[in-house]
**Q** 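Can you keep this structure in mind? I'll have questions shortly.
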Amino acid sequence: MKKIGLLFIGLFITLNTIVGQNTSSEAKNLLDEVSTKMGAYKNMIIGFNSSLVNREAGITNDPPIRGKITLSGEKYNLDYLGSHFLFDGKKLVVINQEEKEISITNGDLDEEDGFIYPSKLLTFYKEGYNFSMGKLKNSNGRKIQFVDLTPIDSNSDIVKVQLGIDAKTKHIYKLVQIGSNGAETTFTITKFKSNQPISKNLFSFNKEKYLKQGYYID
């Protein structure tokens, strides 16, 4: 009887391991499919809402914050949180429209603060995460397949990420980021267009234009 019990436990553990490996592989394949499809577009214009909820601290965004980003390869033009972000592939320009201040730095946004920026939606998962298939949910008639991502680094400021993918279009629809401080940040894509005619200067910074408007440039 004891041997049968041990055999059953061993079989249960083996099945769980196989299922876990299969769901991990399925999740990675789905993410790669999404990245390949969306990465093949010449450009993408994305409108989104973001919200931040931390019930322990009594923080909630109501209504959500709206943003817009145009992506082309590594380049992007982002309006978010009252600032304008321009990245030409080499330098990042952050234009604070309220304070009329501009900062220019080499390289892209720093991800070490534990926050996934809108410009990283298509690439953030490629390093540092374990994957598993999450729930399949219905959102306004659309089937959204979630993938659960857990940071490999146990000291990460991010505890878990849930990435919602439209099962039909294979486009990202929603990202939910849960932080170690209890904060839950959600990005929901509200508008999406691809391969649109855009200005060649969209990702360029016109220094003279902002100097004439009285901006301080650091």
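No hydrogens, no waters, no symmetry mates; every other heavy atom, side chains included, goes into these values.
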**Q** Can you list, by chain and residue number, the hydrophobic cluster partners of Ile144 when the side-chain cut-off is 4.5 Å?
**A**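 Phe146, Tyr173, all in the cluster of Ile144.
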**Q** Please lay out, stage by stage, how Phe48 and Arg66 fare under the test side chain to side chain contact (heavy atoms under 4.5 Å, CB included).
**A** CA-CA 6 Å; Phe48 62 89; Arg66 294 181 179 180; over 6 Å; no
**Q** Heavy-atom distance under 4.5 Å between the side chains of Ser50 and Tyr80, does that happen here?
**A**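 A side-chain contact exists here, since the closest heavy-atom pair is under 4.5 Å.
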**Q** Got a sec, which residues hit side chain to side chain contact (heavy atoms under 4.5 Å, CB included) with Lys143, two or more places apart in sequence or on another chain?
**A**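 Once residues adjacent in sequence are excluded, the partners of Lys143 under the side chain to side chain contact (heavy atoms under 4.5 Å, CB included) criterion are Leu136, Ala167.
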**Q** Is it true that Leu149 and Ile152 fall in one hydrophobic cluster, defined by side-chain heavy atoms closer than 4.5 Å?
**A**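 Unlinked, Leu149 and Ile152 end up in two clusters.
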**Q** State, to 0.1 Å, how close Asp148 and Met133 come at their nearest heavy-atom pair, and which atoms those are.
**A**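 Closest pair (atom of Asp148, atom of Met133, distance): OD2-O, 4.3 Å.
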**Q** For residues Leu52 and Ala183, report the shortest heavy-atom separation together with the two atoms involved.
**A**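 Smallest heavy-atom distance, with atoms named: CD1-CB, 3.8 Å.
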**Q** Should Tyr76 and Ile45 be regarded as members of a common hydrophobic cluster, given that ILVMFWY residues are connected when their side-chain heavy atoms come within less than 4.5 Å of each other, either directly or indirectly?
**A**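 No, separate clusters.
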**Q** Do Ile46 and Leu71 have side chains that get closer than 4.5 Å, going by heavy atoms?
**A**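 The answer is yes; the side chains approach within 4.5 Å.
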**Q** Mind running side chain to side chain contact (heavy atoms under 4.5 Å, CB included) on Met38 and Met44 for me, showing each step along the way?
**A** CA-CA 8 Å; Met38 297 186 77; Met44 291 175 286; 3.9 Å; yes
**Q** Suppose the criterion is side-chain hydrogen bond (donor to acceptor under 3.5 Å, both in side chains): which pairs have a residue in residues 83-103, not counting sequence neighbours?
**A**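 Of all non-adjacent pairs touching residues 83-103, those that pass side-chain hydrogen bond (donor to acceptor under 3.5 Å, both in side chains) are Asn77-His84, Asp79-His84.
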**Q** Roughly how far apart are Ile172 CD1 and Thr169 OG1, rounded to 0.5 Å?
**A**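 Answer rounded to 0.5 Å: 10.0 Å.
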**Q** At their closest point, which heavy atom of Lys42 faces which heavy atom of Asn195, and how far apart are they?
**A**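 Nearest pair, atom of Lys42 first, then Asn195: N-OD1, 2.7 Å.
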**Q** Within the 4.5 Å heavy-atom criterion, are Leu31 and Val147 side-chain neighbours or not?
**A**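 They are in side-chain contact.
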**Q** Tell me every residue that passes side chain to side chain contact (heavy atoms under 4.5 Å, CB included) with Ser72, counting only those two or more places apart in sequence or in another chain.
**A**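 For Ser72 the side chain to side chain contact (heavy atoms under 4.5 Å, CB included) partners, ignoring immediate neighbours, are Asn43, Phe203.
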**Q** Apart from Leu86 itself, which Ile, Leu, Val, Met, Phe, Trp or Tyr residues share its cluster (side-chain heavy atoms under 4.5 Å, direct or through members)?
**A**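 Grouped by the 4.5 Å side-chain rule, Val93, Ile95, Ile102, Ile104, Phe205, Tyr210, Leu211, Tyr215, Ile217 form the rest of the cluster around Leu86.
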**Q** Using 0.5 Å steps for rounding, measure from the CG atom of Asn155 to the CG atom of Asp157.
**A**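 It comes to 9.0 Å.
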**Q** Check Gly89 against Lys75 and note the closest heavy-atom contact, atom names and distance.
**A**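 What the structure gives for the nearest pair is N-CG, 4.0 Å.
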**Q** For residues Asn54 and Glu184, determine if any side-chain heavy atom of one lies less than 4.5 Å from a side-chain heavy atom of the other.
**A**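 No, their side chains stay 4.5 Å or more apart.
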**Q** Return yes when atom CD of Glu74 has more than 12 non-hydrogen atoms of other residues, nucleotides or ligands closer than 6.0 Å, and no otherwise.
**A**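 No, not enclosed.
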**Q** Restricting to non-hydrogen atoms, name the atom on Leu30 and the atom on Gln145 that form the minimum distance, rounded to 0.1 Å.
**A**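 Reported closest heavy-atom pair: CD2-CG, 3.8 Å.
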**Q** With sequence neighbours excluded, tell me which residues meet salt bridge (Lys or Arg N to Asp or Glu O under 4.0 Å) with Asp166.
**A**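 Result, salt bridge (Lys or Arg N to Asp or Glu O under 4.0 Å) vs Asp166: Arg142.
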**Q** Determine whether Asn49 and Ile65 make a side-chain contact, defined as any pair of heavy atoms from C-beta on separated by less than 4.5 Å.
**A**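 Sidechains of Ile65 and Asn49: no contact.
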**Q** Side chain to side chain contact (heavy atoms under 4.5 Å, CB included) between Ile158 and Gln177: does it pass, once the steps are laid out?
**A** CA-CA 7 Å; Ile158 299 174; Gln177 174 186 316; 3.8 Å; yes
**Q** Do the side chain of Thr188 and the main chain of Lys174 share a donor and acceptor less than 3.5 angstrom apart?
**A**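 Judged by distance alone, no pair lies under 3.5 Å.
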**Q** Counting heavy atoms not belonging to Lys37, are there more than 12 under 6.0 Å from its NZ?
**A**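 Yes, NZ of Lys37 has more than 12 neighbouring heavy atoms, counting only those of other groups under 6.0 Å.
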**Q** Checking side chain to side chain contact (heavy atoms under 4.5 Å, CB included) for the pair Thr185/Val176: CA distance, chi angles, key distance, verdict?
**A** CA-CA 6 Å; Thr185 306; Val176 181; over 6 Å; no
**Q** Give me the atom names and distance for the closest heavy-atom approach of Pro151 to Tyr129.
**A**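 Nearest pair, atom of Pro151 first, then Tyr129: N-CD2, 3.7 Å.
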**Q** Val159 and Phe131: same hydrophobic cluster, using ILVMFWY side-chain contacts below 4.5 Å?
**A**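 Different clusters.
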**Q** Does any part of the side chain of Thr70, heavy atoms only, come nearer than 4.5 Å to the side chain of Leu202, both counted from C-beta?
**A**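 Contact flag for Leu202/Thr70 side chains = yes.
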**Q** As an exercise, state the distance from NZ of Lys28 to OG of Ser35, rounded to the nearest 0.5 Å.
**A**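 With rounding to 0.5 Å, NZ (Lys28) is 9.5 Å from OG (Ser35).
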